[in-house]
Number of protein chains: 4
Amino acid sequence: MARPLSSEKRTAILEAATQVVAASGTSAATAAIAKSAGVAEGTLFTYFSNKDELLNALYLDIKSDLHALMTRSLKPGGELVDRCRGVWDSFIGWGLANPEKAKALKQLAVSDRITEETRRLSSGLSSPMTAMFQECSVMVVQKGLPKTYAGTLMSVMAEITASYIAGEPAKARRHIRAGFDAYWRAIGQ
Amino acid sequence: MARPLSSEKRTAILEAATQVVAASGTSAATAAIAKSAGVAEGTLFTYFSNKDELLNALYLDIKSDLHALMTRSLKPGGELVDRCRGVWDSFIGWGLANPEKAKALKQLAVSDRITEETRRLSSGLSSPMTAMFQECSVMVVQKGLPKTYAGTLMSVMAEITASYIAGEPAKARRHIRAGFDAYWRAIGQ
Amino acid sequence: MARPLSSEKRTAILEAATQVVAASGTSAATAAIAKSAGVAEGTLFTYFSNKDELLNALYLDIKSDLHALMTRSLKPGGELVDRCRGVWDSFIGWGLANPEKAKALKQLAVSDRITEETRRLSSGLSSPMTAMFQECSVMVVQKGLPKTYAGTLMSVMAEITASYIAGEPAKARRHIRAGFDAYWRAIGQ
Amino acid sequence: MARPLSSEKRTAILEAATQVVAASGTSAATAAIAKSAGVAEGTLFTYFSNKDELLNALYLDIKSDLHALMTRSLKPGGELVDRCRGVWDSFIGWGLANPEKAKALKQLAVSDRITEETRRLSSGLSSPMTAMFQECSVMVVQKGLPKTYAGTLMSVMAEITASYIAGEPAKARRHIRAGFDAYWRAIGQ
DNA sequence: AATGAATGAGAATTCATTCAT
DNA sequence: AATGAATGAATTCTCATTCAT
């Protein structure tokens, strides 16, 4: 007993899982993840009782990271449009700075191994952001769109913007700006 | 000439694959697909030389189905906005009418088992639609967005619209209309 | 009914089997043999009721070919040593002229799919040769060796001679002569 | 350090493989080998990464065993003929004492799953024996035979001697003596 | 707690043989 | 008789998970 679970090891496993899932999808072998984390195959299972639990934890971990960043970048006050643009910028910036996390997240998002519970938990992560998108909901509903539309749309539009940037890194700034403008035309004022 | 390869059987396998991939993703077992198609495990491999070939064929098959419908719904002439709305409507209508195909397609689209070649083939399927989105490219480029933006954006916006409809089937009409209006604000005129 | 079994087709299958077994051993697929013979997969089974029967027939076929040649080259009369040398020469000549048959035969000889019955049948094939080796048996028995030693030894010594020739084709004549001389020292006078 | 790889288990697998390959050839199922070794099907693959590796390891293992014995029986000094006879005796003795190893070796020797590399490794196993056959090479070359003839011929002549002994075990001594005498007439003095 | 060997239930694929045409 | 699609048992190998050390 004695030795407590090491959070370093847990982190190492999650980081390794990010790389490996980004590269090979959710069918990545747990042995490959353990090896990449520098721990034994069996050790992985003292931190996560099975592969699904690991994948769900990874999903939450990456989402937390993303939301933490976006929340940090959300200075209260100012025009709604400016705050939204700030979130948009940091959202895309995160994807460019963390391509492996972004890729892993994409894989996890479509996997049926991520439970509804996990998805629910992840969407409740960032209250400041939630609040901001709630402010948007008035505009959005006036247009006949569902309340949560602003958040959902930003997520998918940011993603396609990121993929255009991946193809033309030199034009990143233009894509970011034009992408947000399109977004705002769709839902803003 | 012995028993000829039966296109019914090929179709049955593709249909079974649609169901099974929709339910379990691309990790679905070929045995499960064969069983669901009512053929022997080995028979699957007389129609598709291996699993990857089956998945790629399935991707093309579903895409063809979708594009065929959208092309049919594309009456030449008339305002660009009206033609775009027609495509939008039939795109979403197809997803609602073929939820399994839509779900399977989503899984296939993110799988790295679908080759670049297949993706290329599938995007060249519907020339009338390609032409329509090319008409959009002028507007889109004026807004600083990439040439292919109109098609890409419609695809993701239609998809989120479909998911809202799935949650509130009664409001389908409203979602479809409001969704397209948002789309057109983003890229149109 | 009508059409009788075509001996051409039977021959084609045996020839194809020779090639394919030479190349891939007795684990060669019957489908590969049929294809190489230019007949349908199923047709093979109207000529040979199963794979083992085909392999045994092939063994006998090749052995017959070999024995026929050696019997032809056996002119009656003359010294025993000269007749033996004649058989030796034609034995090795056959292997050099029919490398695929030789290779297939080698594979078949060690396979446990060739029955004892087949092996027995094959050794009784050439009576003139049997007679010659029986003449040898006197010498051989005087040396404390088993009666059938002369035939057995020639078979293995010729085979290693052939493999040396395969490595140094230019020295074929010398290998053939020196090989026989060694053989005759072992069992002759 | 968890359970260490057990050399007992490795040995058990190789022994099981010997039996099974002797009985069924190289097409023996890995499952059958594992079962016969008393380990799980998967365990075989922690000791040998695939079937070919197992077969090659088995080939080397049996050859080592054989060469070790023959090397042990090779007392330095004395006449060449006596040393050769010693090797001959122990070669045949090994085959009689280890019929399964002998049979498995025969199957492996003709299989194309045994690589050139493995064959090369195996022939370099016993340097004392190599040296002895090199001493023979002078005699052999004088007779117009290839340098390596002595070793090659002993191998095949011993093998046919062993098979005669298998048919008449009571006459083992006579076969062994007469066989070697024939061998020595062929290549000696 | 950490390790990694052991396990055995699948997974994809092959293939001899059958059988509808 | 000839064809080749259909069959399903068998094969090699993988992998999440367990468990002895």
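Within every chain, numbering begins at 1; the chains are lettered A, B, ... in the order of the sequence lines, protein sequences first and strands thereafter. Every value quoted in this text rests on a predicted model; they were computed, and no experiment measured them.
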With sequence neighbours excluded, residues passing salt bridge (Lys or Arg N to Asp or Glu O under 4.0 Å) with Glu159(B): Lys106(B)

Partners passing side chain to side chain donor-acceptor pair (under 3.5 Å) against Glu117(A) (at least two apart in sequence or in another chain): Arg120(A)

Partners passing salt bridge (Lys or Arg N to Asp or Glu O under 4.0 Å) against Lys35(D) (at least two apart in sequence or in another chain): none

Phosphate contact (dA5(F) OP1 or OP2) by Lys9(B) side-chain N/O below 4.0 Å: no

Interface with DNA chain E, restricted to residues 47-55 of chain B and to heavy atoms under 4.0 Å: Asn50(B), Lys51(B)

Side chain to side chain contact (heavy atoms under 4.5 Å, CB included) partners of Asp65(B), counting only residues at least two apart: Trp94(B), Lys101(B)

Most 5' of Leu44(B) and Phe45(A) on DNA chain F, judged by nearest nucleotide: Leu44(B)

Each stem that DNA chain E is part of, given as range with range (3 or more consecutive Watson-Crick or G-U pairs, under 3.5 Å): E:2-21 with F:2-21

OP1 or OP2 of dT7(F) under 4.0 Å from side-chain N/O of Thr43(B): yes

Contact residues, residues 15-38 of chain D to DNA chain E [heavy atom, < 4.0 Å]: none

Residues forming a salt bridge (Lys or Arg N to Asp or Glu O under 4.0 Å) with Glu8(A), sequence neighbours excluded: none

Minimum-distance nucleotide (side-chain atoms of Ser6(D) versus dT18(F), dT3(F), dA6(E)): dA6(E)

Side chain to side chain contact (heavy atoms under 4.5 Å, CB included) involving Ala34(A) - partner list, sequence neighbours excluded: Val39(A), Leu44(A)

Nucleotide nearest Glu41(C) when distance is taken to its side chain, options dA16(F), dG4(F), dA12(E): dG4(F)

Set of residues satisfying side chain to side chain contact (heavy atoms under 4.5 Å, CB included) with respect to Phe48(B), sequence neighbours excluded: Arg10(B), Ile13(B), Leu14(B), Leu54(B), Ala57(B)

Partner residues of Thr118(A) under the side chain to side chain contact (heavy atoms under 4.5 Å, CB included) criterion, sequence neighbours left out: Asn56(A), Tyr59(A), Leu60(A), Ile114(A), Thr115(A)

Within residues 46-64 of chain A or reaching into it, pairs that qualify as salt bridge (Lys or Arg N to Asp or Glu O under 4.0 Å) - sequence neighbours excluded: Asp52(A)-Arg113(A)

